[in-house]
Structures are given as structure tokens and as C-alpha cells.
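Here the structure is laid out as C-alpha cells; the discussion comes afterwards.
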Amino acid sequence: MDIRIVRQAITKRELTEMAKQQFGDMVKAVVDVDQGIMAIGGELHSDEEAVLLDGGSLQKHVWGINLYPERPPSEWIEFDSMINVRPSQGNRSRSVERADIRQAIVEIVNRLIGGENV
């Protein structure tokens, strides 16, 4: 599957179909919290990260997540990726440790992944 840059809203149904084609119930994504965009569809977060960086994103603004479109809204975003390990930015784990960055990611994902008919 090709990596896709999401700038305009797509449907959750579309995301569910992508999940079925890749990992079954999950889609990897990388979010640029500065530009408010995300890359989806890669086998690895690092592949998606590279596409965003090639497109002008800055490393300090991109964060890896996993999306589970069939889960309830409070559980469908998982903040877990090797690209998130950044001791130089104070992030020493695979998770996104800063609450403000997690909140920005949630807002971007909720804006870019809409309901069934977006």
C-alpha cells in the first residue's frame, strides 16, 4: 500500500479498509503537529516519517501513532512508535510523553478522520 499524506478529512470507513489491507485492525500513522497533517499507509512509521520529512516537515514535529478504527473513540489512538524515542526532546520512550503534544495529535486525527460520510 502506498503512503498517503492526509490533508483533508477521510472517512473512518476508508481507514477501516486500509487497516484490513495491512494489519487487520490497525493503521500506522505519523502526525505533523505543526502542519496539522498525517501520513498513513506505511508498513513502518519510519517510512511515513521519511515521506513527511521529504515534504518539508521538521523532525521535532512528527510523531508516530497507531489507529484502531473499530475501537471506541477513547481507545482508538495508540501513542506507540520507535520514532517517538527522542531523548534530545525529553521523550525517552516509544510513547508521546507530553500531554500537550498528545492533545494536538488527538485534535488533528479527529479533524482528519471523520464520520462515515466525510
Side-chain angles (χ1 to χ4, degrees):
M1 179 175 289
D2 291 331
I3 295 172
R4 176 176 172 184
I5 304 297
V6 180
R7 299 174 194 282
Q8 301 293 326
I10 64 171
T11 66
K12 202 172 257 193
R13 182 178 309 180
E14 207 173 338
L15 194 69
T16 300
E17 288 304 313
M18 291 179 75
K20 288 178 184 174
Q21 292 174 21
Q22 281 197 296
F23 301 102
D25 65 342
M26 182 259 290
V27 173
K28 292 182 184 236
V30 174
V31 178
D32 180 328
V33 296
D34 182 55
Q35 294 188 44
I37 61 175
M38 68 180 175
I40 57 175
E43 180 138 344
L44 300 171
H45 288 115
S46 58
D47 296 333
E48 296 166 339
E49 175 187 44
V51 169
L52 286 177
L53 295 176
D54 287 347
S57 292
L58 299 177
Q59 175 71 51
K60 66 182 180 178
H61 298 301
V62 296
W63 299 91
I65 60 172
N66 299 313
L67 299 172
Y68 294 85
E70 298 293 320
R71 290 186 181 174
S74 63
E75 300 174 11
W76 79 296
I77 301 173
E78 178 182 61
F79 300 95
D80 181 40
S81 174
M82 287 300 295
I83 71 165
N84 296 338
V85 178
R86 297 189 203 150
S88 65
Q89 282 183 254
N91 206 86
R92 299 186 178 276
S93 74
R94 294 169 46 119
S95 185
V96 178
E97 296 174 359
R98 286 183 42 191
D100 60 326
I101 295 174
R102 281 194 312 272
Q103 184 60 38
I105 291 169
V106 167
E107 290 172 8
I108 291 164
V109 169
N110 286 336
R111 180 177 51 81
L112 293 176
I113 309 296
E116 296 305 310
N117 300 314
V118 171

Ignoring hydrogens, what is the shortest heavy-atom contact between [X] and [Y]? Give both atom names and the distance.
X	Y	value
Q59	R86	O-NH1, 3.3 Å
V62	S57	CG1-CB, 3.9 Å
R92	P87	NH1-CB, 3.5 Å
H61	D34	CG-CB, 3.4 Å
Q35	D32	N-OD1, 2.8 Å

- Nearest-0.5 Å distance that lies between atom CG in L52 and atom CG in L58: 11.0 Å
- Message: Just checking E75: does its CD atom have more than 12 heavy atoms from other residues, nucleotides or ligands closer to it than 6.0 angstrom?
- Response: yes
- Message: One pair to check against side-chain contact (heavy atoms from CB on, under 4.5 Å): I3 and I40. What are the steps and the verdict?
- Response: CA-CA 6 Å; I3 295 172; I40 57 175; over 6 Å; no
Non-hydrogen side-chain atoms of [X] and [Y] separated by less than 4.5 Å:
X	Y	result
I108	W63	no
L67	I77	yes
D80	I65	no
M38	E48	no

- Query: Are K28 and E78 within salt-bridge range, i.e. N to O under 4.0 Å?
  - Reply: no
- Query: Yes or no on side-chain contact (heavy atoms from CB on, under 4.5 Å) for M26 and R71, after CA distance, side-chain angles and deciding distance?
  - Reply: CA-CA 10 Å; M26 182 259 290; R71 290 186 181 174; over 6 Å; no
- Side chains of N66 and H45: do they bring a donor and an acceptor to under 3.5 Å? yes
